[in-house]
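Okay, structure first, notes after.
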Amino acid sequence: MKLLIIAGFLGSGKTTLLLEVARRLVAVPQKIAIIENEVGEIGIDGKYLREQGLQVQELFGGCICCTLSADLVSMLQKVEDLFKPAVTIIEPTGLASPGDVLTTVRSCQPIVTDIKLVVLVDATRYKMLYEMLTPLITTQIQLADIVVINKIDKVDVTDIDLIRKDVNQLNPRAKVAAISVEKKINLEPLVKNLVGELQ
Ligand SMILES: Nc1nc2c(ncn2[C@@H]2O[C@H](COP(=O)(O)OP(=O)(O)OP(=O)(O)O)[C@@H](O)[C@H]2O)c(=O)[nH]1
Ligand SMILES: [Mg+2]
């Protein structure tokens, strides 16, 4: 299976984007599975996604980058045995260290054949989060294959340019998209690109 990891700080729009990509992959048709990691006990996201008819597995009570990394490995094995999906989409918690998640999923070869890391940046809170959580936010950006600057419907063009400049500096190899998932601004090309790469 190919893996698409949709990471990014709490509330940056991970689940909203995940749903868009999942719907598109299902329509291809492409067999997909979703792994949701929630720190709390109640999987609101998972319940919502299941209502959309998607195959969802949940990991609760800890973070897949640390305490639940072994559980992620056995979950991927289970998903492979039960569904043999072409693509599995993972949403880590907003506090997950993506480097540790990458190390874990890379250890899952040959089940996992390809890994793509998308990192969402919340344009409305970028400055504040960057100042408060520099190591987490910068590592998330540095490891990404694609950085998605989300919620551009709520900020000025000059803000977007500043974030883009930072992102380019932190990770010159990443593709960068500035979008609004909710208002569907620049969403289509990004989803198309992702779906294309996951074929
Ligand atoms: N204005 C605006 N709001 C957005 C956009 N995308 C998502 N949101 C809102 O941001 C909030 C968080 O979105 P989610 O998709 O749940 O974010 P998340 O990263 O999955 O959140 P957690 O899983 O709790 O970390 C929701 O209220 C969304 O409606 C956007 O493009 N613009
Ligand atoms: Mg979410």
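All ligand and atom numbering here is 1-based and tracks the order in the structure.
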Problem - Heavy-atom side-chain contact between Val119 and Leu143 under 4.5 Å - result: no
Exercise for the section: If you have a sec, work out which protein heavy atom is nearest atom 6 (N) of ligand 1 and how many Å separate them, to one decimal? Expected result: Asn150 ND2, 3.2 Å
Practice task
Check ligand 1 against Thr15 and write out every atom of the ligand that is under 4.0 Å from a heavy-atom position of the residue.
Solution key: 15 (O), 18 (P), 20 (O)
Practice task
Could you go through the salt bridge (charged side-chain N to carboxylate O under 4.0 Å, His left out) check for Lys2 and Glu197 one step at a time?
Solution key: CA-CA 10 Å; Lys2 293 186 175 185; Glu197 290 192 14; over 6 Å; no
Problem - Under 3.5 Å: donor-acceptor pair, side chain of Asp145, backbone of Val118 - result: no
Problem - ligand 1 to Gly94 polar contact by distance, N or O atoms, under 3.5 Å - result: no
Problem - N/O/S atom name from Glu91 that is nearest to the position of the Mg ion (ligand 2) - result: OE2
Completion exercise
for atom 17 (O) of ligand 1, nearest protein heavy atom and its distance come out as Gly13 N, 3.0 Å
Exercise for the section: Only heavy atoms count here, so choose which of Glu182, Glu20, Lys151, Glu91 is nearest to atom 23 (O) of ligand 1. Expected result: Glu91
Practice task
Would you please test Glu188 and Arg24 for salt bridge (charged side-chain N to carboxylate O under 4.0 Å, His left out) and show each step?
Solution key: CA-CA 10 Å; Glu188 179 63 24; Arg24 192 65 65 85; 2.9 Å; yes
Practice task
Would you check the N or O atoms of Leu10, main chain and side chain alike, for any that come under 3.5 Å of an N or O of ligand 1?
Solution key: no
Exercise for the section: Using the side chain to side chain donor-acceptor pair (under 3.5 Å) rule, take Glu91 and Thr15 through it: C-alpha gap first, then chi angles, then the decisive distance, then the call. Expected result: CA-CA 7 Å; Glu91 180 183 343; Thr15 306; 2.7 Å; yes
Handout entry: Atoms in ligand 1 flagged as close to Ser180, the criterion being non-hydrogen separation under 4.0 Å
Key = 30 (C), 31 (O), 32 (N)
Handout entry: Sub-4.0 Å atoms of ligand 1 with respect to non-hydrogen atoms of Thr16
Key = 7 (C), 13 (O), 14 (P), 15 (O)
Exercise for the section: Hey, could you give me the OG1/CG distance between Thr67 and Leu72, rounded to the nearest 0.5 Å? Expected result: 11.0 Å
Problem - Minimum side-chain heavy-atom gap Phe60-Leu68 below 4.5 Å - result: no
Handout entry: Basic-acidic side-chain contact under 4.0 Å: Asp122, Arg125
Key = yes
Fill in the blank from the handout: atom 18 (P) of ligand 1: closest protein heavy atom, distance to 0.1 Å, is Lys14 N, 3.4 Å
Practice task
Nearest 0.5 Å please: distance from the CG atom of Leu117 over to the CD atom of Gln140.
Solution key: 8.5 Å
Exercise for the section: Measure Asp153 to ligand 1 on non-hydrogen atoms and call it side chain, backbone, both or neither using the 4.0 Å cut-off. Expected result: side chain
Problem - Any Gly8 heavy atom less than 4.0 Å from ligand 1 - result: no
Exercise for the section: Could you tell me whether ligand 1 has any atom less than 4.0 Å away from a heavy atom of Glu38? Expected result: no
Handout entry: Part of Lys154 within contact of ligand 1 (heavy atoms, under 4.0 Å)
Key = side chain
Handout entry: Under 2.8 Å: N/O/S of Thr15 next to the Mg ion (ligand 2)
Key = yes
Handout entry: Heavy-atom nearest neighbour in the protein, as seen from atom 22 (P) of ligand 1, with distance rounded to 0.1 Å
Key = Gly11 N, 3.6 Å
Exercise for the section: Measure Ile179 to ligand 1 on non-hydrogen atoms and call it side chain, backbone, both or neither using the 4.0 Å cut-off. Expected result: neither
Practice task
Report yes if some heavy atom in the side chain of Leu59 is under 4.5 Å from a heavy atom in the side chain of Met75; otherwise report no.
Solution key: yes
Handout entry: atom 25 (O) of ligand 1 protein-contacted (non-hydrogen atom, under 4.0 angstrom)
Key = yes
Handout entry: 4.5 Å side-chain heavy-atom contact, Asp161 and Asp156
Key = no
Exercise for the section: Indicate yes or no: does Lys127 engage Asp159 in a salt bridge with an N to O separation below 4.0 Å. Expected result: no
Problem - Distance-only N or O hit between ligand 1 and Lys183, under 3.5 Å - result: no
